[in-house]
Amino acid sequence: MHLNSYASITPAESAPRRAIQCIAPARVNLLGEHTDYTGGLVLPMAIPFVTQATVSPREDGFYSFTSELFPETLTLSRDDRSNARGQWTDYPVGVLRKLQERGIEPPSFDLHLAGNVPFGAGVSSSASVEVASAMAMLALSSAQLSIEGIAVLCQRAENEYVESPCGIMDQFVITAARAGHALLLDTRSLTYEHLPMNKGSLAETQIVVCNSMVKHSVATGEYGMRRKESEEGQAVIIKKFGVRDLGDSTLQQLESAKSEMSDASFRRCRHIITDNARVREAKQAMFAGDPIAFGKLMLEGHISERDDFECSCEEVDFLVETATSLPGCFGARLTGGGFGGSTVSLVERSHAEAFLTALKAAYQKHFNITADAYVCDAVDGAMLRNASVKQVER
């Protein structure tokens, strides 16, 4: 089931003459981690933190980028095509570049970013910035793109301009999410379905996000290495069985190809194949409104990330183990790229605040680290939140 997508159109001759504000949420992933660059399934949801992109027209032929969160500012001429600078401005500038490549040339503007999305917490602050910026630039240009168009454009900005090898999940769910639902996305076909978080006993639960406040220094290099190992194993299976990618692969195929790949590639691929299966099972649990079954899958997913994908760490493992020992918790797991970042726990609504307090206290006592934690319900994505922006003043 799809939201109503915008059709792609060319920019209008005249642009709005007022400031336009667009917002995009953050996200957490409930299941299907590190599957989105091998044609797999993911199950994220949008959470109630936002990036606000305010774009104002200017008359001098320049683009400027400012933020209330970072001191660096940047002003570029409209014909500038310089490379990334290694600072926060790379994310909105990358979006601008990809719009220009599509033939959408926004008029001169000041773009100012604000918001409350935690950085380095595994909730995709970068994709939130990209989607908010894209929607603001599109509105100023009187141009529209589909959900898929916005998500792919923002992913390409991060892959090709920022040069970060992310998959499509973050940008897609931030654009397409629906309140009260998680988003099941097939990352190969970009077909998607909104799955209920508000059905049966599942309606009496909330997601508690806990930021470990650590990001280990190996994260960037190890993420790239995990992706390389996954793709090397995938290449063996494609050659041996003629499948399109790991999204079509089975554990039986993987086992029969084990001798032809490294042990690391085998275990990375095993995580991806089993996590795809967990997403399929989660769909059944969600339509049944069954938090026990859903929570069990979340915990199994964490164990797979910890042991097969090896992207967890001591602090995150402690948070998951502690969470699952507390009253009202059905399951917990690492969310995001790993090597630190956040956990997500499925918790009975009536226990959520007490759970949060107890989890933070245990973490503080064990590591002497004060974690940030938030009780979250699933919220709308940027397309629904910014629907009124289509009606711009002339």
Could you go through the salt bridge (charged side-chain N to carboxylate O under 4.0 Å, His left out) check for Arg97 and Asp80 one step at a time?
CA-CA 9 Å; Arg97 291 284 184 272; Asp80 180 275; 2.7 Å; yes
Would you check, one step at a time, whether the test side-chain hydrogen bond (donor to acceptor under 3.5 Å, both in side chains) holds for Thr54 with His112?
CA-CA 5 Å; Thr54 302; His112 181 72; over 6 Å; no
Which is it for Arg85 and Glu72 under the salt bridge (charged side-chain N to carboxylate O under 4.0 Å, His left out) test, yes or no, and what are the steps along the way?
CA-CA 11 Å; Arg85 291 164 170 78; Glu72 303 93 350; over 6 Å; no
CA sep, side-chain torsions, deciding dist, call: Cys329, Phe355, side-chain contact (heavy atoms from CB on, under 4.5 Å):
CA-CA 8 Å; Cys329 182; Phe355 170 91; 3.7 Å; yes
Evaluate the criterion side-chain contact (heavy atoms from CB on, under 4.5 Å) for residue pair Met197 and Leu30; output intermediate values, then yes/no.
CA-CA 11 Å; Met197 298 287 291; Leu30 303 178; 4.0 Å; yes
Salt bridge (charged side-chain N to carboxylate O under 4.0 Å, His left out) for Glu33 and Arg333? Distances and angles first, verdict last.
CA-CA 10 Å; Glu33 207 72 75; Arg333 62 179 289 272; 3.0 Å; yes
After noting the C-alpha distance and the side-chain angles of Thr274 and Arg278, does the key distance pass the side-chain hydrogen bond (donor to acceptor under 3.5 Å, both in side chains) rule?
CA-CA 6 Å; Thr274 57; Arg278 281 185 282 272; 3.0 Å; yes
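A perpendicular orientation is assigned to the rings of Tyr192 and His194, their planes being inclined by more than 60° (bins at 30° and 60°). Ring-plane geometry between Phe309 and His34 is classed as parallel, the angle between the planes falling under 30 degrees on a 0 to 90 degree scale with a further cut at 60.
Asp275 contributes atom CG, which lies 13.0 Å from atom CZ of Arg270 (distance to the nearest 0.5 angstrom). Within the model, atoms CZ of Arg188 and CG of Asp248 stand 4.0 Å from one another, a figure rounded to the nearest 0.5 Å. If you take OG on Ser108 and CZ on Arg58, they are separated by 7.0 Å, rounding to the nearest 0.5 Å. Taking CG of Leu299 as the start and CZ of Phe294 as the end, the distance is 12.5 Å to the nearest 0.5 Å. Taking CG of Leu41 as the start and OG1 of Thr35 as the end, the distance is 6.5 Å to the nearest 0.5 Å. Atom OG in Ser64 sits 8.0 Å away from atom CZ in Phe109 (nearest 0.5 Å).
Counting heavy atoms from C-beta outward, Glu229 and Asp263 have side chains that stay 4.5 Å or more apart. For the pair Ile150 and Met383, the minimum side-chain heavy-atom distance is below 4.5 Å. Using a 4.5 Å heavy-atom cutoff, the side chains of Val42 and Phe172 are not in contact. For the pair Asp110/Thr66, no side-chain contact is recorded, criterion being any heavy-atom separation below 4.5 Å from C-beta on. At least one side-chain heavy atom of Ser256 sits under 4.5 Å from a side-chain heavy atom of Lys240. Using a 4.5 Å cut-off on side-chain heavy atoms (C-beta onward), Arg267 and Glu310 make contact. Taking 4.5 Å as the limit, every side-chain heavy atom of Leu326 sits out of range of all side-chain heavy atoms of His351. Side-chain contact between Leu202 and Leu346 is present, with at least one heavy-atom pair separated by less than 4.5 Å.
Placement of Val379 and Val173 in two distinct hydrophobic clusters is found when ILVMFWY residues are connected by side-chain heavy-atom separations under 4.5 Å, directly or transitively. Taking hydrophobic clusters as Ile, Leu, Val, Met, Phe, Trp and Tyr residues chained together by side-chain heavy-atom distances below 4.5 Å, Leu356 shares a cluster with Tyr363. Leu359 and Val320 sit in two unconnected hydrophobic clusters of ILVMFWY residues. Membership requires side-chain heavy atoms under 4.5 Å apart, directly or through other members. When the side chains of ILVMFWY residues are joined at heavy-atom separations under 4.5 Å, either directly or via intervening members, Ile23 and Phe65 end up in two distinct hydrophobic clusters. No single ILVMFWY cluster, assembled from side-chain heavy atoms under 4.5 Å apart, contains both Ile174 and Val50.
At a threshold of 4.0 Å, the pair Glu222-Arg226 counts as salt-bridged, since one of the basic side-chain nitrogens sits closer than that to a carboxylate oxygen. With salt bridges taken as basic N to acidic carboxylate O contacts below 4.0 Å, none links Arg306 and Asp317. A salt bridge is absent between Arg227 and Asp36: the closest approach of a Lys/Arg side-chain nitrogen to an acidic carboxylate oxygen does not fall below 4.0 angstrom. A salt bridge does not link Glu232 with Arg268: none of the charged nitrogens is closer than 4.0 Å to a carboxylate oxygen. Remark: Glu101 does not engage Arg156 in a salt bridge, criterion side-chain N to carboxylate O under 4.0 Å.
A donor-acceptor pair is defined here as one N or O able to donate and one able to accept, closer than 3.5 Å; such a pair exists between the side chain of Thr335 and the backbone of Asn29. Looking only at distances, no side-chain donor or acceptor of Thr322 sits under 3.5 Å from a matching main-chain atom of Leu319. Checked by atom type and distance alone, the side chain of His181 pairs as donor or acceptor with a backbone atom of Ala179 at under 3.5 Å. A side-chain donor-acceptor contact under 3.5 Å links Ser128 to the backbone of Ala24. Ser141 contributes no side-chain N or O that, together with a main-chain N or O of Ala143, makes up a donor-acceptor pair within less than 3.5 Å. A distance-only check finds no donor-acceptor pair linking the side chain of Ser201 to the backbone of Asp290 [under 3.5 Å]. With Asn159 contributing its side chain and Cys166 its backbone, the two residues share a donor-acceptor pair below 3.5 Å. The closest donor-acceptor contact from the side chain of Arg178 to the backbone of Pro196 lies at 3.5 Å or more, if one exists at all. No donor-acceptor distance shorter than 3.5 angstrom exists from the side chain of Glu260 to the backbone of Ala257, with no hydrogens or angles considered.
Closest heavy-atom contact between Arg27 and Pro44: CD-CB, 4.3 Å. The two atoms that bring Ala182 and Leu43 nearest to each other are CB-CD1, 3.9 Å, heavy atoms only. The nearest pair of heavy atoms linking Ile369 to Ser212 is CG2-O, 3.7 Å. The two residues Pro92 and Leu111 make their nearest non-hydrogen contact at CB-CD2, 3.7 Å. Here the shortest heavy-atom pairing between Ser312 and Leu334 reads CA-CD2, 4.1 Å. Residues Asp380 and Arg385 approach most closely at O-NE, 2.8 Å, considering heavy atoms.
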